[in-house]
Amino acid sequence: MFEARLAQSAILKKVLEAVKDLLTEATFECSDSGIQVQAMDNAHVSLVSLNLRSDGFDKYRCDRNLSMGMNIGTMTKILRCASSEDTVTLRAWDNPDNIIFIFESQNKEKLSEYEMKLINMDQEHLGIPETVYSCVVKMPSQEFARICKDLSQFGEAITIACSKEGIKFTAAGDYGNANIKLAQTAEADKEEEAVIIDMQEPVKLTFACRYLNSFVKATPLCAQVKLSMSGDVPLVCEYQIGDIGHIRYYLAPKIDD
Amino acid sequence: AKKQTTLKYFFKKS
């Protein structure tokens, strides 16, 4: 049997909102250690890697490893039926055809059950090589979302250049261009407002706006985002999910033709 | 012009 319970469905609601633009379906790998998802978008340009540790759940039981193929659109619809304060329980039997989502209101007076058919999926796992990144930038997630949104008006791609001085985002298009520079914060009153740059070597990479704008749907999950970059390798854009895990997005760069 | 790469170019199937 598989059963995982969260006291508040808000986290799972936010996770679904953070992946639904990129994925139509995904396999949820459930084991003793927790729930993992690794899935690429249809174009194989981006990859979502989600990790929810079993110890982060209020209750977690997984008698045997399960691979459950889920339709993300349906799952999103189901999660939207839960109030943020509802308790959510995921339940499946061994060799399941279905997964059950159970929402219980705080006062325990409303109990909702949604059963979703699982799908068989061809899995394509990619081995992500261990990489030491030339630049690792931590910055407020809302600021990153704002920059991606603002610069998307000017072009299809954003060039991110990171140096000791700071991080610069540039977009150029037919109607003009724009750039935004962020300096490392000298003194941040609050940790979550800080811009921190850990640089070994300067990096300059270009990425498609449309994927970045999908990644920033994870902004409600965490006040800070971590961007890891090296020359000519995919960007890693990471959001912590409370004490339970993280979501990482990988994005293949655009390179000179 | 820049060309969009895919992840398969960087990551190997496992």
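By number of non-hydrogen pairs under 4.5 angstrom with chain A, the leading residue of Lys8(B), Lys13(B), Lys3(B), Lys12(B) is Lys3(B). Ranked by heavy-atom pairs under 4.5 Å with chain B, the list Val233(A), Leu126(A), Ile128(A) is led by Leu126(A). Highest contact tally toward chain B, considering only Asp257(A), Asp232(A), Leu251(A), is held by Asp257(A) [criterion: heavy-atom pairs under 4.5 Å].
In this structure, Glu17(A) does not pair ionically with Lys217(A), as no charged nitrogen and carboxylate oxygen lie closer than 4.0 Å.
Considering every non-hydrogen atom in both Ser230(A) and Val132(A), the closest pair reads OG-O, 3.4 Å.
For the side chain to side chain contact (heavy atoms under 4.5 Å, CB included) with Phe144(A), the lone residue among Thr219(A), Leu212(A), Val137(A) that qualifies is Leu212(A).
Between Phe2(A) and Tyr60(A), the ring center distance clears the sub-6.0 Å criterion.
Contact of Ala43(A) with chain B is made through the backbone alone, with heavy-atom distances under 4.5 Å.
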